[in-house]
Amino acid sequence: QADLKAVGENGLTPGHYRLTEDMTVGMRRLNKNGDHAGAYCIDLAGHTYTGVSRPFTVYSGAELNIIDTVGGGAVEGQCAASSNGSAIYLYAGGVAALYGGTLRHSAQNAVASGGVVCAAGGHFSIYGGTIEGTTVTGKGGAINLSASAGFTATGGQVTMGKANNEDSCVYAAKGCAVTLSGTAEVAQIAFGGLYPEDLRIDGGYTGSTRLTYPASVSLEVGTVIGSISPAGDLSGGKIAVDATCKTVAANGDSLVIAQ
């Protein structure tokens, strides 16, 4: 493992790096010129990595994995109000995953869209750790996903932020592939492009949850959600929705909320 502090801002190449102390640097552009494709593993090791503007921009062919073998580590972004994705920005063909630590926006200003992570393409995953939602002027207080992007959450937590003075966590444009399973807790997912209004799922998830879009949204039996709006058409067997705790149950393998 190389000491990340010893590597210049533009000298990062695929490999395994470890923080030995808190550090503040400019933006690191992974594989921008196409000559450094591969996996970049960053071990926070309990330290805070602060990016002046955005810490990481991931281009096609690059894979960023953030881990924290000690605990308490964080990646902080300080991007301007006109920018998207304060901590991580993904281009088509780029891949990024959070396994541990916290991703957050640490400046006072609001972000444009995707408060912490913005995927203009590529795929973003969270297997552990926390993404803290912040205030945005566009969509996605924590994460903004384009139609060509993908999002997988099997663990960890994504907390609520604000978009135009309303609660906002994850925004997924129509066509974006979203999969939730395992112990992932996502405060809210809003899917764009549905008529008469966007579909929004609020509340944490427990047990195994499966979402596919745009064909359908499928929640396995026993999933606990806060609310679904609009209600839409429900199918998949005998369905009971408790108005108080919003526990969804169905006979058969799954409950499907059709468009």
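Excluded from the calculations below are hydrogen atoms, water molecules and symmetry mates; all remaining heavy atoms, backbone and side chain alike, are included. Start at 1 with the first residue, then count along the sequence.
When the side chains of ILVMFWY residues are joined at heavy-atom separations under 4.5 Å, either directly or via intervening members, Ile143 and Tyr89 end up in two distinct hydrophobic clusters. The cluster map of Ile, Leu, Val, Met, Phe, Trp and Tyr, joined by side-chain heavy atoms under 4.5 Å apart, puts Leu145 and Phe56 in the same cluster. Note on Val111: it does not cluster hydrophobically with Val75, by side-chain heavy-atom contacts below 4.5 Å among ILVMFWY residues. Residues Tyr17 and Tyr49 share a hydrophobic cluster, clusters being chains of Ile/Leu/Val/Met/Phe/Trp/Tyr side chains in contact below 4.5 Å. By the rule that hydrophobic residues join a cluster once side-chain heavy atoms approach within less than 4.5 Å of another member, Ile67 and Tyr127 end up as members of one cluster.
Residues Ser146 and Ala120 come closest through the heavy atom pair OG-O, 2.9 Å. Listed here is the closest heavy atom pair of Tyr40 and Thr13: CE2-C, 3.2 Å. Closest heavy-atom contact between Ala45 and Asp43: N-OD1, 2.9 Å. The two atoms that bring Ala87 and Pro55 nearest to each other are O-CD, 3.3 Å, heavy atoms only. A pairwise comparison of heavy atoms in Cys176 and Ala149 identifies SG-O, 3.3 Å as the closest pair. The heavy-atom pair separating Ala96 from Ile88 by the smallest distance is CB-CG2, 4.2 Å.
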Test log, rule side chain to side chain contact (heavy atoms under 4.5 Å, CB included), inputs Leu30 and Leu12: CA-CA 7 Å; Leu30 307 186; Leu12 206 63; 3.6 Å; yes
Worked check of side chain to side chain contact (heavy atoms under 4.5 Å, CB included) between Met23 and Asp3: CA-CA 11 Å; Met23 61 182 297; Asp3 182 355; over 6 Å; no
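By the 4.5 Å heavy-atom criterion applied to side chains, Lys32 and Thr57 are not counted as neighbours. Val58 places none of its side-chain heavy atoms less than 4.5 Å from the side chain of Val95. Looking only at side-chain heavy atoms (C-beta outward), Thr69 and Gln1 stay at 4.5 Å or farther from each other. Contact annotation: the side chain of Tyr171 never approaches that of Val136 to less than 4.5 Å [non-hydrogen atoms, C-beta and beyond]. Side-chain contact between Ile42 and Leu19 is present, with heavy atoms from C-beta onward closer than 4.5 Å. Looking only at side-chain heavy atoms (C-beta outward), Asn33 and Asn31 stay at 4.5 Å or farther from each other. The shortest side-chain heavy-atom distance between Leu103 and Ile126 does not fall under the 4.5 Å cut-off. Within the 4.5 Å cutoff, the side chain of Pro14 has heavy atoms near those of the His36 side chain.
In this structure, CZ on Phe124 lies 8.5 Å from CG on Leu64, to the nearest 0.5 angstrom. The CD atom of Gln157 lies 6.5 Å from the OG1 atom of Thr159; values are rounded to the nearest 0.5 Å. Summarising the geometry, atom OG1 belonging to Thr130 is positioned 8.0 Å from atom CG belonging to Leu98; distances are rounded to the nearest 0.5 Å. Expressed to the nearest 0.5 Å, how far OH of Tyr99 lies from CD1 of Ile66 amounts to 11.0 Å. In this structure, Ser53 OG and Arg28 CZ are separated by 12.0 Å, a value rounded to the nearest 0.5 Å. Interatomic distance, CG of Leu4 versus NE2 of His47, reported as 11.0 Å (0.5 Å rounding).
Using modelled atom types, one finds a donor on one side chain and an acceptor on the other under 3.5 Å when comparing His105 with Ser86.
Panel note: side chain Asn144, backbone Lys139; a donor-acceptor pair is recorded below 3.5 Å. With hydrogens and angles disregarded, a donor-acceptor distance shorter than 3.5 Å links the side chain of Asp68 to the backbone of Gly73. Side-chain atoms of Ser168 come within 3.5 Å of backbone atoms of Gly140 as a donor-acceptor pair (strictly under, hydrogens ignored). Using a distance-only test at 3.5 Å, with no hydrogens or angles considered, no donor-acceptor pair links the side chain of Thr50 to the main chain of Thr24. Using a distance-only test at 3.5 Å, with no hydrogens or angles considered, a donor-acceptor pair links the side chain of Arg54 to the main chain of Gly85.
Counting heavy atoms of neighbouring residues, nucleotides and ligands inside a 6.0 Å radius, atom CG of Asp35 exceeds 12 of them.
With respect to Asp167 and Lys162, a salt bridge is recorded, a charged nitrogen being found less than 4.0 Å from a carboxylate O.
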